[in-house]
Amino acid sequence: MSTRKGALAIYNTLSGKKELFRPIHEGQVGMYVCGPTVYNNVHLGNCRTFISFDLAYRYLLHLGYKVRYVRNITDVGHLENDADEGEDKISKKARAEKVEPMEIVQKYTLDFHGVMTAFNALPPNIEPTATGHIIEQIELINTIVKNGFAYESNGSVYFDVEKYNANQPYGELSGRKIEDLIANSRVLDGQTEKRAPLDFALWKNASDEHIMKWPSPWGLGFPGWHLECSAMSAKYLGEVFDIHGGGMDLKFPHHECEIAQGCAATGKKPVQYWMHANMLTLNGKKMSKSTGNSLLPADLFSGENVLLSKSFHPMVVRFFMMQAHYRNTLDFTSEALNAAEKGFEKLMLAIENLLVLVPSSNSSINTKVLVDGFYAAMDDDFNAPALVACLFDAVKQINAIVEGRATINKDDLLVLQKEISVFVFEVLGLRRPTEKNDDQRLSNVMALVLELRGSARENKDWITSDKIRDGLSNAGIIVSDGKDGASWK
RNA sequence: GGUCUCGUAGCCAAGUGGUUAGGCACCGGUCUGCAAAACCGUCUACAGCGGUUCGAAUCCGCUCGAGACCUCCA
């Protein structure tokens, strides 16, 4: 168990402040993150949120917490808009592709998992689906109705926002006042079932043509979008749990509704620490599927997109994201990604060197200051960019040792090797891209080729030497001439 | 229109009352047959205008600009 636990501060959206993190149960953390609605391929913006919370999860694990990390899959109930005829996103896609809704769900869940694996995001401990928890959702609605905060209307059930607000403020999380919300709420056509525009659906009745529907006390229907997170977080993490995360754009109304549902059901605020990840922007605007201003991870990995000059390894993209704080917007540009790639390679090279460093009898560098810097950065609301800056300080020191301008003793070396590996690979979740020279046959061939080129160079046969170098370059192999002979990658 | 956030060097991006954040690019150097790579060094910025303060990029006010939410969104 780490002894560093007490220092972690988390910015809590609910209070608007950084607060020292104190879990409800000593040594244990319950964390819920809103997952994707699987009606389409996840774009890079979606990924940023999940990677941000993967970082938080990883650091909590590193600190020694026993974490139960729940991230849902929304496979029903997410409507196109709030009007009565608003269509379910999954159903719509299923009809467009002429397949079963569950085929859509399966297809895009697999895509999501594949992308998360590529980004080296740890899987959550539980990944519940909305359709798998219809009973829990119906029970929750029953409780809310029984407590007087919801009403039935024409086979649907709505949350009574104004009644709720009479006792506890609705809009706390997003800093809204109900009067302003009422004044500004858009009246959509066909909202005939609701008593007030602000009321949101807990259960919607299903018309005959609806494919995804379940029996309930109010007839055939399906659950409202906001409900699933309340039902599933309560089931797996309890009525009150530690951390709830999600994208900034879910703050209102989704998370606001979750608070209302939780309070209406139990009288207790469901979440201790609300965390919100900021948006990834493209052309200065939020990445968004609906506006077409988005980029798919697959395009990035293949380089097949007009915005990109080349392809990028998933770890370069992850490193790029780690250079910005999760609460700030991050602007995506091909240029910024190129810069991240260079920096990432520099870091990886220094780590390779660190692992084979030869210790001296004494140290001219201060290992403790470096390592304390790593913790201080992450303790400050998971400040990954500050951690990266500290890591590059270490890189500079490692290079100095490699070149004999500094020394490190055996104990310090062991500490540095361990802590850098921990923070780079376990906490930031980076992986070294698979080495091309894993192939033993290729290694042997290259050893021979470089030996021949070495002979040519000794004989000042630059024509042969350069021909080999250029030929290999065309084959995607880069030869580097160092002091101790040539190497390749 | 309402609510809120942001504006940091060529680019990306931390910091948020007093000490060079960092990465990339540029430029200079070491190395090299040449080049690349690698390494070292240089480049010292906080939208504008006022105010508070011994001291402001950081706090306050105004102006300008950008974005988010208010409707599905990570």
Side-chain angles (χ1 to χ4, degrees), chain A residues 16 33-37 39-40 42-53 78-83 86-89 171 174-177 179-181 183-186 188 225 245-254 256 276-281 284-291 294 319-320 322-325 327-347 349-350 353 373 377 380 383-393 395-396 399-400 402-403 405 457 460-462 465-466 469-470 473 478-483 486-489:
Chain A
V33 172
C34 290
T37 302
Y39 70 107
N40 227 325
V42 284
H43 61 68
L44 203 61
N46 302 125
C47 296
R48 186 187 179 203
T49 295
F50 302 125
I51 290 171
S52 293
F53 287 106
H78 207 154
L79 304 186
E80 293 265 283
N81 61 55
D82 206 23
E87 195 171 6
D88 184 285
K89 290 187 173 204
S174 53
R176 282 155 214 265
K177 292 194 178 74
E179 310 84 66
D180 297 338
L181 286 167
N184 287 306
S185 68
R186 193 201 284 185
L188 293 165
W225 174 43
M248 205 74 113
D249 48 357
L250 296 184
K251 223 196 283 186
F252 186 90
H254 186 59
E256 209 68 77
H276 288 95
N278 216 322
M279 301 292 108
L280 183 65
T281 61
K285 299 225 173 80
K286 174 185 170 182
M287 264 200 203
S288 165
K289 198 85 195 181
S290 54
T291 58
S294 67
F319 181 72
F320 164 71
M322 292 299 145
Q323 284 185 295
H325 191 268
R327 276 195 292 119
N328 287 118
T329 54
L330 170 61
D331 195 43
F332 179 93
T333 61
S334 190
E335 200 182 351
L337 216 54
N338 272 310
E341 185 174 62
K342 291 277 180 60
F344 178 67
E345 283 168 2
K346 183 176 180 174
L347 180 62
L349 182 62
N353 289 334
D380 185 14
N383 194 332
L387 169 60
V388 170
C390 291
L391 287 168
F392 277 105
D393 285 345
V395 166
K396 192 161 276 204
N399 289 336
V402 169
E403 299 199 337
R405 288 179 285 108
R457 292 181 73 209
K460 300 198 191 302
D461 179 2
W462 311 127
S465 156
D466 290 353
R469 184 171 71 193
D470 296 344
S473 173
I478 307 297
V479 174
S480 302
D481 293 314
K483 270 180 188 164
S487 59
W488 64 280
K489 67 173 182 177

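Nothing here was measured: the structure is a model prediction, and the numbers come from that model. A note on names: the letters A, B, ... follow the listed sequences, proteins ahead of strands, and every chain is numbered from 1.
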Problem set entry | Separation between the P atoms of B:U20 and B:U3, rounded to whole Å | 41 Å
For this session: Under 4.0 Å between any heavy atoms, over every strand shown, what does A:A324 touch: base, sugar-phosphate, or nothing? Just pick one.
Result: sugar-phosphate
Exercise. Taking for each residue the nucleotide of RNA chain B bearing the nearest heavy atom, is the 5' side occupied by A:G45 or by A:A339?
Worked result: A:A339
Exercise. Counting heavy atoms not belonging to A:K289, are there more than 12 under 6.0 Å from its NZ?
Worked result: yes
Exercise. Which residue, A:A340 or A:G246, contacts RNA chain B at a nucleotide closer to its 5' end, judged by nearest heavy atom?
Worked result: A:A340
Exercise. Between B:G15 and A:N383, is there an OP1 or OP2 to side-chain N/O distance shorter than 4.0 Å?
Worked result: yes
Problem set entry | Partner residues of A:S174 under the side chain to side chain donor-acceptor pair (under 3.5 Å) criterion, sequence neighbours left out | A:R176, A:E256
Exercise. Roughly how far apart, to the nearest Å, are B:G23 and B:A45 at atom C1'?
Worked result: 16 Å
Problem set entry | Pairwise P distance for B:G2 and B:C62, with rounding to whole Å | 14 Å
For this session: Assign A:H254 to base, sugar-phosphate, or nothing according to its heavy-atom contacts below 4.0 angstrom with the strands shown.
Result: nothing
For this session: Determine the Euclidean distance between corresponding P atoms of B:A57 and B:A9; express it in Å to zero decimal places.
Result: 14 Å
Seminar exercise, completed: Out of B:G15, B:A74, B:G2, minimum distance to the side chain of A:R176 belongs to B:G2
Problem set entry | Interatomic distance at C1', B:C43 relative to B:C24, whole Å | 14 Å
For this session: Can you tell me, in whole Å, how much space there is between the P of B:G65 and that of B:G48?
Result: 15 Å
Exercise. Between B:A14 and A:N328, is there an OP1 or OP2 to side-chain N/O distance shorter than 4.0 Å?
Worked result: yes
Exercise. Any salt bridge between A:E179 and A:K177, counting N to O under 4.0 Å?
Worked result: no
For this session: Can you check each nucleotide of nucleotides 36-41 of chain B against protein heavy atoms at under 4.0 Å and return B for base, S for sugar-phosphate only, - for none, in 5' to 3' order?
Result: B-SSSS
For this session: Please determine if a side-chain N or O atom of A:K285 lies less than 4.0 Å away from the OP1 or OP2 oxygen of B:G67.
Result: yes
Problem set entry | P atoms of B:U52 and B:U42, separation to the nearest Å | 38 Å
Exercise. Is the closest basic N to carboxylate O distance between A:K396 and A:D393 below 4.0 Å?
Worked result: no
Problem set entry | Face-to-face contact A:F50 to B:A74 six-ring, under 5.5 Å, under 30° | no
For this session: Using the C1' atoms only, state how far B:C40 lies from B:G50, rounded to an integer number of Å.
Result: 45 Å
For this session: Decide yes or no for A:L250 and A:C34: does some side-chain heavy atom of the first lie under 4.5 Å from some side-chain heavy atom of the second?
Result: yes
Exercise. Does a distance-only test, which skips hydrogens and angles, find a donor-acceptor pair under 3.5 Å between the side chain of A:T281 and the base of B:G67?
Worked result: no
Exercise. According to a 3.5 Å limit on both distances, what stems of 3 or more consecutive Watson-Crick or G-U pairs are formed with RNA chain B?
Worked result: B:1-7 with B:64-70, B:10-12 with B:22-24, B:27-30 with B:38-41, B:47-51 with B:59-63
Problem set entry | Distance-only donor-acceptor test, A:D466 side-chain atoms vs B:G33 base atoms, 3.5 Å | yes
Exercise. Between B:G22, B:A74, B:C34, which nucleotide has the shortest distance from any of its atoms to the side chain of A:L280?
Worked result: B:A74
Problem set entry | Side-chain-base donor-acceptor pair under 3.5 Å for A:R327 and B:C6 | no
Problem set entry | Among B:C12, B:A68, B:C34, the nucleotide that comes nearest once only the side chain of A:R457 is considered | B:C34
Seminar exercise, completed: Against the side chain of A:K286, the closest entry in B:A14, B:C69, B:A13 is B:C69
For this session: Give A:A389 one of three labels, base, sugar-phosphate or nothing, depending on what nucleic acid heavy atoms sit under 4.0 Å from its own.
Result: base
Exercise. What's the closest nucleotide to the A:R469 side chain, out of B:G23, B:C12, B:A35?
Worked result: B:A35
